[in-house]
Amino acid sequence: MEEGSGNRNGTNGATAATGFAQNGLSRRLTDDEFERYSRQMIVPGMGKEGQLRLINSRVLIIGAGGLGCPAAQYIAGAGVGTIGIVDGDVVEVSNLHRQVGHATSRIGMKKVDSLIQHLRGLNDLPAYISHPFHLTPHNAADIISQYDLVMDCTDNPATRYLISDVCVLLCKPLVSAASVQKSGQLIVLNCPPVPQGLVDGKYAPCYRCCFKKPPPPGSMVSCGEAGIMGPVVGMMGVAQAGEAIKILASALHVQSENNESTPERNLLQPTLLIYTYDLESAVGPYSFRALKMGGRRKNCFACGENSTLTLEGIRAGNPNYEQFCSVPTPNHSLPPEERITAAAYHAAKVRGELPEHILIDTREKEHFSFGSIEGAVNVPFGKLLMKAAAIKRDGGSASEILPPEACKPDTPIFVVCRRGLDSQETVEKLKELGLDYGGKRKIMDIKGGMKAWKEEVDPTFPYI
Amino acid sequence: MSDVTDATTVPITVDFSGGLEMLFDNQRRHSVSLPAVDNEGRPATIGFLIDYLCKNLMKDPRVDLFVLDKHIRPGILVLINDADWELEGEEAYEIQPHDNILFVSTLHGG
Ligand SMILES: [Zn+2]
């Protein structure tokens with residue numbers, strides 16, 4: 001991504017930017033600006049001109065979380081003149097290991113306000129604009145139209161497609177990143193931006209050109225479920241800021257007046273940067289990979305030649321982003337006689353009314369390690385499925401799937417998981433394997449998992 | 001080493017990233033000796049490789065997290081020697097010795 005960009009901002013960039021911020025580019029820096037930005041201005045390729053372009057730029061950061069915090073810090077530090085931040089959430093203590101723009105003392109505050117407070121402490125020269133709500137199809141165009149460049153620091157596919165579509169229609173460059181657990185991804189889209197429908201040449205892709213369809217919801221894990229390492233998401237946010245600063249300081253996103261071949265002038269090889277962080281091994285040759293992506297796609301739903309996407313349509317709910325990103329998932333709902341609430345299980349146990357039984361906890365072992373219901377045996381769901389498949393495929397005794405304590409065929413089995421879905425599937429799997437002996441053995445699901453246990457039984461339980 | 005003389009298999013490396021490694025024994029890199037031709041004697045393609053991986057390398061039964069309706073599931077990018085497979089002909093691309101095929105699941109968190 002670095003290649004070839006260094007010398008682009010010289011004469012090329014300067015002519016490209018005429019008419020864009022002419023006045024701004026010829027003014028003197030104030031003493032404060034001069035001192036504050038001196039270390040970055042002397043970097044070859046940056047200079048006073050690059051700095052003034054940053055000062056004249058308006059950047060929108062959507063999401064003030066694990067990506068948005070580190071990204072915003074460097075955008076503010078570098079002196080981008082106007083910085084808008086969109087987020088509707090409030091700061092929670094579980095955010096702080098990675099969302100470094102917030103603080104323990106600001107738990108409960110709107111993330112946007114908390115982050116802006118932090119950024120002002122860092123650099124009070126930029127203007128900060130707070131958008132303390134979530135981006136929606138209804139408000140997206142009004143907000144995005146006020147800025148020169150957009151940074152997607154959000155956490156869900158529906159918003160990612162929405163942001164990209166609006167950026168295509170408003171001709172805004174988009175720097176997009178994502179991160180979960182131990183991996184991160186980064187890509188620059190729509191840069192330089194060209195109008196929707198233009199396909200007779202090599203143009204930059206939009207998000208849909210690269211990621212045509214969202215993954216089915218069941219296959220996606222969020223940071224809340226899968227966890228997230230602070231440095232991984234932080235690295236992606238910082239890299240996002242780096243790309244945004246490069247684009248703005250070098251005017252890579254600006255089309256010049258004589259515009260025949262100009263969009264191609266600044267088109268770099270579209271590249272998806274991926275970062276993988278193994279907790280088990282040191283940094284290796286495949287920790288970072290730069291993957292070559294295609295350009296604008298002729299038949300792209302958003303930017304392609306026959307696209308019918310419009311801002312009015314989006315505002316009116318067409319396309320429907322929520323629907324596009326959610327395929328109905330099989331609804332596991334066992335009959336009531338195979339389910340028991342956490343409270344009822346606890347009460348029966350305390351009163352000594354439960355027969356001798358075995359309790360299987362199907363959470364991952366990391367979750368299990370923080371605490372479990374007394375007597376529970378950990379059989380992680382993935383492992384259980386794998387064993388079940390192996391038994392079906394290769395034969396063997398179905399009861400091998402169970403912990404040895406459960407080998408007596410009349411011992412009832414209770415199953416609990418994190419939130420109550422995997423446990424129902426587990427009950428079904430065990431029955432499929434014939435482990436209920438035609439109904440002679442009871443196999444029950446504890447409704448709502450350990451989440452319900454914390455809510456109904458033990459508020460001090462360390463649920464993650 | 002032996003691949004020059006052994007024309008019945010193609011030696012390649014297959015990588016998984018973005019969480020897909022979970023389906024393949026939690027291992028990010030696999031060396032695979034892929035049959036050089038499919039059942040009908042046609043040269044091995046990416047489409048053939050995907051089927052081969054499901055049958056031979058995947059330990060996890062959740063095949064639908066990798067393949068849906070006989071095609072790679074939405075949300076997984078396929079890269080042939082670090083280039084998007086759309087630049088190379090997608091499923092029809094014929095596997096060459098020492099190719100690196102990367103499957104990466106697109107991420108949405110942040
Ligand atoms: Zn597109």
Side-chain angles (χ1 to χ4, degrees), chain A residues 63 65-68 152-160 177-185 210-216 218-226 228 233 236-237 270 272 274-276 278 280-281 286 289-294 297 325 327 382 385-390 392-393, chain B residues 12-31 54-69 71-91 93 99-110:
Chain A
L67 294 165
D152 183 345
C153 302
T154 62
D155 61 2
N156 68 89
T159 312
R160 290 183 182 279
S179 184
V180 173
Q181 206 172 53
K182 300 181 287 181
S183 319
Q185 297 174 350
C210 299
F211 313 107
K212 261 183 282 182
K213 279 195 208 159
S219 69
M220 271 182 291
V221 282
S222 68
C223 296
E225 277 159 49
I228 175 83
V233 65
M236 302 326 288
L272 175 69
I274 66 172
Y275 176 49
T276 312
D278 264 332
E280 301 83 12
S281 70
Y286 288 94
R289 286 174 84 162
L291 309 174
K292 226 167 136 191
M293 303 299 288
R297 201 191 278 279
C325 294
V327 181
L385 286 184
M386 246 182 269
K387 276 194 200 164
K392 268 193 183 166
R393 191 180 57 231
Chain B
I12 57 172
T13 49
V14 179
D15 292 343
F16 300 97
S17 171
L20 288 175
E21 60 275 18
M22 189 185 76
L23 302 175
F24 294 88
D25 224 6
N26 265 314
Q27 202 182 313
R28 281 169 54 202
R29 166 155 289 197
H30 296 257
S31 295
C54 288
K55 289 182 178 142
N56 297 280
L57 205 59
M58 192 185 288
K59 300 256 170 64
D60 199 293
R62 288 170 288 182
V63 177
D64 55 341
L65 292 182
F66 190 60
V67 169
L68 270 184
D69 302 327
H71 296 283
I72 207 82
R73 78 147 164 80
I76 296 179
L77 298 177
V78 185
L79 294 117
I80 301 168
N81 302 322
D82 284 348
D84 189 350
W85 72 339
E86 305 208 344
L87 304 170
E88 309 282 349
E90 301 196 15
E91 287 180 0
Y93 170 83
D99 273 351
N100 173 268
I101 313 295
L102 165 66
F103 295 91
V104 46
S105 151
T106 55
L107 307 176
H108 295 283

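Convention: sequence-line order gives letters A, B, ...; per-chain numbering from 1. These figures come from a predicted structure and were not determined experimentally. Side chains included, hydrogens not; waters and symmetry mates left out as well; all remaining heavy atoms used.
- The CZ atom of B:R62 sits 5.5 Å away from the CG atom of A:L385 when rounded to the nearest 0.5 Å.
- With respect to chain B, the highest number of heavy-atom pairs below 4.5 Å among A:G65, A:G294, A:G382, A:G63 belongs to A:G294.
- In this structure, no portion of B:N81 lies under 4.5 Å from any heavy atom of chain A.
- Interface remark: B:I76 contributes no atoms to any contact with chain A (heavy atom separation under 4.5 Å).
- Crowding of B:D69 atom CG: a count of heavy atoms from other residues, nucleotides or ligands under 6.0 Å not exceeding 12.
- Annotation for B:G109 and A:R160: closest pair O-NH2, 3.3 Å, computed over non-hydrogen atoms.
- Contact check for B:L79 versus A:L272: no side-chain heavy atoms found under the 4.5 Å cut-off.
- The part of A:I274 that comes within reach of chain B is its side chain, from C-beta onward, which places non-hydrogen atoms under 4.5 angstrom from that chain.
- Counting heavy-atom pairs under 4.5 Å between each of B:E86, B:R28, B:R29, B:K59 and chain A puts B:R28 at the top.
- Among A:T154, A:V233, A:T276, the residue with the largest count of heavy-atom pairs under 4.5 Å with chain B is A:T276.
- A:K182 and B:E21 are not joined by a salt bridge, as no carboxylate oxygen comes within less than 4.0 angstrom of a charged side-chain nitrogen.
- Looking at heavy atoms from C-beta onward, A:K212 lies out of side-chain contact with B:P74 at the 4.5 angstrom threshold.
- Heavy-atom distances place no part of B:N26 under 4.5 Å from chain A, backbone and side chain included.
- Taking CG of A:L291 as the reference point, atom CG of B:D84 lies at 9.0 Å (rounded to 0.5 Å).
- Taking CZ of A:R289 as the start and CG of B:L102 as the end, the distance is 4.5 Å to the nearest 0.5 Å.
- The distance from atom OG1 of B:T106 to atom CD of A:Q185, rounded to the nearest 0.5 Å, is 6.5 Å.
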